[in-house]
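Scope of the values below: all heavy atoms of this structure, side chains included, with no hydrogens, waters or symmetry mates.
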Amino acid sequence: MTRDDLIAAFLASNGYPPAAVEPLAQDASFRRYLRIRGDRPAILMDAPPPEDVRPFLRIANHLRGIGLAVPAILAADEARGLVLEEDLGDDLLSLLLDRGDAADPLLGSAVDALVVMQRAVPPPGLPAWDAAAMAATATGTLFDWWWPARYGTPAPQAARDDVAAAFTAMLQPVASGPRGFVHRDYFAGNLLRLPDHRIGIIDFQGAALGHPAYDLVSLLQDARRDIPLACGQRALERYLAARPELAPGEFLAAFDACAAQRHLRVACQWVRLAQRDGRPQYLAYGPRTWSLLQDALARPAAEPLALALNRWIPLSDRGNPPQLVKPQLVKPGLVKPDLVTSGPQP
């Protein structure tokens, strides 16, 4: 039985005619999404193995239980990787921001939802998104993908060791700080404004246990669009005001360290998506991501990583590997908007 046959049978068993299905956006994993129109609108997540829908179902139940707006699960076939979920609509914050809607209320609502998410007791069994995991994923995309694509040779072990040690030093505020639920891709493309003005949250299956600053970095320093600095600062202040139990100085050091880690990982992630997964369109986000990285490296908390990168990668080399970039691949019109999600996975 083909995948299309499995989907048709799954839909039919739940009372949905296959003819009512239309494709929606694919994200940076191997999942795809189908929208079902009609009297009972829904979204079908098609996540064939090795994708695993069980974390999505488990986290959806947790987030709904603490009062957050996530898609209701209408039906699921865990073994085959098929999930029917509530359609939360098209008002993604990414689309609203890109068309010029006021950023402050959108980011403010997203911050308020994030505070609720982080203050709740996390569900059991979340994987660690600690300093060690963060360092491993960033050095992996840097040296396993970006470096050989840029220089045509494997990275020297001395460079790997030097940058790994720099991450250990830089991420000390993360290692010693608070831990809690981390969405891991809490950015505008995974958040929706609902008719009741609450924030709908999607693409949370990669949730883990880590430092709360990480999700705030994802929201306020978006690799796909410019967030005005003043708006980002006001959102940061709103977050800290809502969480007086956090020591601001320690939190901001962790925030800057998380920013440097995330931007380096994601800048190199675009190369992996282009080479391994045949998705070169993501390279269009490279220039902004490398620029965000440079800004992050200028912060005192990121000094260990800045010094290590200066020893191995000249500033002039930091960007998309030239041989991967073709003009037709980086025209803005050829990069799909965040219709569902396009968040990078480790």
Side-chain angles (χ1 to χ4, degrees), residues 27-30 129-171 174 184-185 187 189 206 208 210 214 217-218 221-225 256-299 302 304-326 329-330 335 341-346:
D27 66 11
S29 72
F30 294 101
W129 188 236
D130 54 15
M134 292 171 68
T137 56
T139 55
T141 56
L142 172 63
F143 290 122
D144 295 344
W145 294 97
W146 182 87
W147 185 289
R150 180 63 181 82
Y151 295 123
T153 60
Q157 188 60 46
R160 290 177 176 268
D161 294 342
D162 191 14
V163 172
F167 268 113
T168 298
M170 183 185 73
L171 293 173
V174 173
R184 288 191 57 223
D185 219 9
F187 81 110
Y214 188 84
V217 169
S218 303
Q221 297 188 14
D222 194 334
R224 296 165 180 80
R225 60 196 45 82
D256 291 339
C258 287
Q261 183 275 347
R262 179 172 173 84
H263 298 320
L264 179 61
R265 177 179 70 85
V266 174
C268 301
Q269 177 92 21
W270 305 139
V271 175
R272 189 176 78 178
L273 285 168
Q275 289 193 311
R276 187 191 70 180
D277 302 335
R279 300 179 185 181
Q281 66 268 27
Y282 285 101
L283 292 169
Y285 301 122
R288 179 183 286 107
T289 315
W290 284 99
S291 178
L292 287 168
L293 173 62
Q294 287 308 115
D295 290 343
L297 291 175
R299 307 294 293 179
L305 181 60
L307 293 175
L309 293 179
N310 287 344
R311 286 190 285 270
W312 296 99
I313 303 173
L315 186 61
S316 59
D317 289 354
R318 297 178 195 178
N320 289 331
Q323 73 275 18
L324 295 184
V325 182
K326 299 178 182 179
L329 297 180
V330 296
V335 180
T341 172
S342 54
Q345 300 297 317

Notebook entry, point to check: What residues, two or more places apart in sequence or in another chain, satisfy side-chain hydrogen bond (donor to acceptor under 3.5 Å, both in side chains) together with Asp161?
Noted result: Gln157
Checklist line | Contacts of type salt bridge (Lys or Arg N to Asp or Glu O under 4.0 Å), residue Arg318, not counting sequence neighbours | finding: none
Check: In Å, rounded to the nearest 0.5 Å, how long is the span from CH2 of Trp145 to CZ of Arg265?
Finding: 15.0 Å
Next item on the list: Identify the two heavy atoms, one from Val271 and one from Pro321, that lie closest to each other, and give their separation to 0.1 Å.
Entry: CG2-CD, 3.6 Å
Checklist line | N/O donor-acceptor pair under 3.5 Å between Arg184 side chain and Gly206 backbone | finding: yes
Next item on the list: To the nearest 0.5 angstrom, please state how far the OG1 atom of Thr168 sits from the CG atom of Leu305.
Entry: 11.0 Å
Check: Is the shortest heavy-atom distance from the side chain of Gln275 to the side chain of Pro280 under 4.5 Å?
Finding: no
Next item on the list: For Trp312 and Pro156, work out which heavy atoms get closest and say how close.
Entry: CZ3-CG, 4.0 Å
Item checked: Polar side-chain atom of Asp277 near backbone of Arg279 as donor-acceptor pair, under 3.5 Å -> no
Item checked: For Ala259, all residues meeting side chain to side chain contact (heavy atoms under 4.5 Å, CB included), sequence neighbours excluded -> Val217, Gln221, His263, Ala296
Checklist line | Which atom of Cys268 lies closest to which atom of Leu142, heavy atoms considered | finding: SG-CA, 3.6 Å
Item checked: Taking every non-hydrogen atom, the tightest pair across Ala260 and Leu297 -> CB-CD2, 4.3 Å
Checklist line | Counterpart residues, side chain to side chain contact (heavy atoms under 4.5 Å, CB included), relative to Thr153 (two or more places apart) | finding: Trp147, Tyr151
Notebook entry, point to check: With sequence neighbours excluded, what pairs up with Ala133 under the side chain to side chain contact (heavy atoms under 4.5 Å, CB included) test?
Noted result: Trp129, Asp130
Check: Among all residues two or more places apart in sequence or in another chain, which pass the ring-ring contact (aromatic ring centres under 6.0 Å, His included) test with Trp290?
Finding: Trp146
Notebook entry, point to check: Between Leu171 and Ala135, which heavy-atom pair has the shortest distance, and what is it?
Noted result: CD1-N, 4.1 Å
Checklist line | From CZ (Phe187) to CG (Asp222), nearest 0.5 Å | finding: 6.0 Å
Note to self: Once salt bridge (charged side-chain N to carboxylate O under 4.0 Å, His left out) is applied, what residue pairs with a partner in residues 139-152 remain, sequence neighbours excluded?
What the structure shows: Asp144-Arg160, Arg150-Asp317
Item checked: Considering all heavy atoms, the nearest Leu264-Thr141 contact -> O-OG1, 4.4 Å
Margin query: Which residues pass the side-chain hydrogen bond (donor to acceptor under 3.5 Å, both in side chains) test with Thr139, not counting sequence neighbours?
Written below: none
Notebook entry, point to check: Tyr214 versus Val174: any side-chain heavy-atom pair under 4.5 Å?
Noted result: no
Next item on the list: Verify, without hydrogens or angle tests, whether Ser291 (side chain) and Pro287 (backbone) share a donor-acceptor contact under 3.5 angstrom.
Entry: no
Checklist line | side chain to side chain contact (heavy atoms under 4.5 Å, CB included) evaluation trace for Gln261 with Phe167 | finding: CA-CA 8 Å; Gln261 183 275 347; Phe167 268 113; 3.8 Å; yes
Checklist line | Any Arg262 side-chain heavy atom under 4.5 Å of Leu292 side chain | finding: no
Next item on the list: Keeping the roles fixed (side chain from Arg299, backbone from Asp256), state whether a donor-acceptor pair exists under 3.5 Å.
Entry: no
Checklist line | Asp162: salt bridge (Lys or Arg N to Asp or Glu O under 4.0 Å) partners, not counting sequence neighbours | finding: Arg311
Notebook entry, point to check: So how far is it from Tyr282 OH to Arg272 CZ, rounded to the nearest 0.5 Å?
Noted result: 12.5 Å
